[in-house]
Protein chains: 2
Amino acid sequence: MGIIRKTESVGALLNEFKNGSNAISAITLVKRLESKFNKTTVYRVLDKLEDDGVLHSFMGDKGIKWYAKCDGCSKSEHVDLHPHFQCVACGKIDCVAVDVTIPKIPNREITASQILIQGTCEGCTSK
Amino acid sequence: MGIIRKTESVGALLNEFKNGSNAISAITLVKRLESKFNKTTVYRVLDKLEDDGVLHSFMGDKGIKWYAKCDGCSKSEHVDLHPHFQCVACGKIDCVAVDVTIPKIPNREITASQILIQGTCEGCTSK
DNA sequence: TTTATATTTGCAACTTAGTTGCATTTATAT
DNA sequence: ATATAAATGCAACTAAGTTGCAAATATAAA
């Protein structure tokens with residue numbers, strides 16, 4: 001069950017994702033907003049925004065949950081099968097629009113894939 | 001720093017990975033061996049076996065750590081950049097030997113990739 | 001074979017990320 | 001204006017994994 005009411009917390013979270021295609025970890029959002037909202041609320045609103053197809057989530061390298069704005073997702077269908085890129089130097093993750101072809105695997109039916117590409121981002125390479 | 005002594009715990013853990021290319025989650029190993037070894041020991045030995053290139057680890061879907069036997073890894077170089085397949089029905093994960101080509105991304109230097117392919121395995125499809 | 005010593009182990013306590021139950025508050029339709 | 005379902009805050013909890021330290025043990029040296 002997604003968002004039903006337009007509350008302050010929903011606005012605040014959407015605002016965090018307003019600009020940029022960067023992903024933000026759940027725990028980062030909890031910390032950023034902890035003066036205004038309880039962490040339970042943050043986790044719950046993130047959950048609902050994902051249900052609604054507004055955000056999508058995925059697991060980062062250290063077992064923590066990240067969220068990013070959906071592009072072309074709807075309540076009924078999440079098309080966020082794009083890879084994510086994590087800079088091993090600064091830790092930032094963003095969505096990348098490249099297509100990665102997953103080959104068929106004998107005797108398996110593939111329905112989804114989680115691809116985390118790791119390396120160094122532009123800012124960190126030049127340092 | 002990898003394994004230095006051949007202790008009972010090392011033997012027990014290696015034994016768990018003896019047959020099959022299946023991955024086993026750290027927490028599963030902790031539970032399987034909890035009558036014989038402390039969980040701290042299990043986590044530490046897994047760590048060392050990874051250092052030695054005997055096992056490799058990766059993150060599963062729910063933020064938990066999985067281990068599998070390395071194939072062609074050494075202490076100095078882990079070549080375990082192969083994808084893993086997780087059955088969404090039974091939860092089992094194994095290493096798959098397919099090659100997935102990660103395209104170059106502008107302004108990023110790619111050093112590694114974590115690919116988790118999800119779907120249904122043979123056993124679960126036929127049910 | 002004994003001894004010295006560094007490695008390994010167990011234990012308890014801790015950490016981090018996230019979840020749950022429940023009472024209170026609040027947005028929205030009537 | 002009010003009823004009511006949804007949203008929130010709080011505290012307590014869970015699950016996976018980590019840390020510090022004292023005790024035990026594998027291995028090399030004598």
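Because the structure is a prediction, the values reported are computed rather than measured.
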At under 4.0 Å between heavy atoms, how does the protein contact nucleotides 23-30 of chain D? Give one character per nucleotide, 5' to 3', with B, S or -. --BBS---
Check every strand shown and say whether A:V10 touches a base, only sugar-phosphate, or nothing at a heavy-atom separation below 4.0 Å. nothing
Are the side chains of A:F85 and A:L116 in contact, using a 4.5 Å heavy-atom criterion? no
Is the phosphate of [N] approached by [X] (side-chain N or O, under 4.0 Å from OP1 or OP2)?
X: B:Y43; N: D:dG17; value: yes
X: A:K48; N: D:dA7; value: yes
X: A:S9; N: D:dT8; value: yes
X: B:T41; N: C:dG10; value: yes

I'd like to know if A:K39 reaches the base of C:dG18 with its side chain such that a donor and an acceptor end up less than 3.5 angstrom apart. yes
Check if the side chain of A:K65 and the base of C:dG18 share a donor-acceptor pair of N or O atoms closer than 3.5 Å. no
Are any of the side-chain nitrogens in B:E34 or B:K39 under 4.0 Å away from the carboxylate oxygens of its partner? no
Closer than 4.0 angstrom, basic N to acidic O: yes or no for B:E122 and A:R108? no
Atom [atom1] of [X] to atom [atom2] of [N]: distance rounded to whole Å?
X: A:K31; N: C:dG18; atom1: NZ; atom2: P; answer: 10 Å
X: B:M59; N: C:dG18; atom1: CE; atom2: P; answer: 12 Å
X: B:R32; N: D:dA16; atom1: CZ; atom2: P; answer: 15 Å
X: A:D61; N: D:dG17; atom1: CG; atom2: P; answer: 14 Å
X: B:I64; N: D:dG17; atom1: CD1; atom2: P; answer: 6 Å
X: A:F37; N: C:dT25; atom1: CZ; atom2: C1'; answer: 14 Å

OG1 on B:T28 to CD1 on B:I64, rounded to 0.5 Å: 6.0 Å
Pairing check on D:dA16: which nucleotide meets the Watson-Crick or G-U wobble criteria with it, both distances under 3.5 Å? C:dT15
Return the 5'-most residue of the pair A:R44, B:T40 with respect to DNA chain D, ranking by each residue's nearest nucleotide. A:R44
Show the numbers, then the answer: is there a ring pair (Phe, Tyr, Trp, His ring centres under 6.0 Å) between A:H56 and A:Y67? CA-CA 6 Å; A:H56 63 272; A:Y67 284 87; 8.6 Å; no
Is it the case that A:T111 and B:Q118 place a side-chain donor and acceptor less than 3.5 Å from each other? no
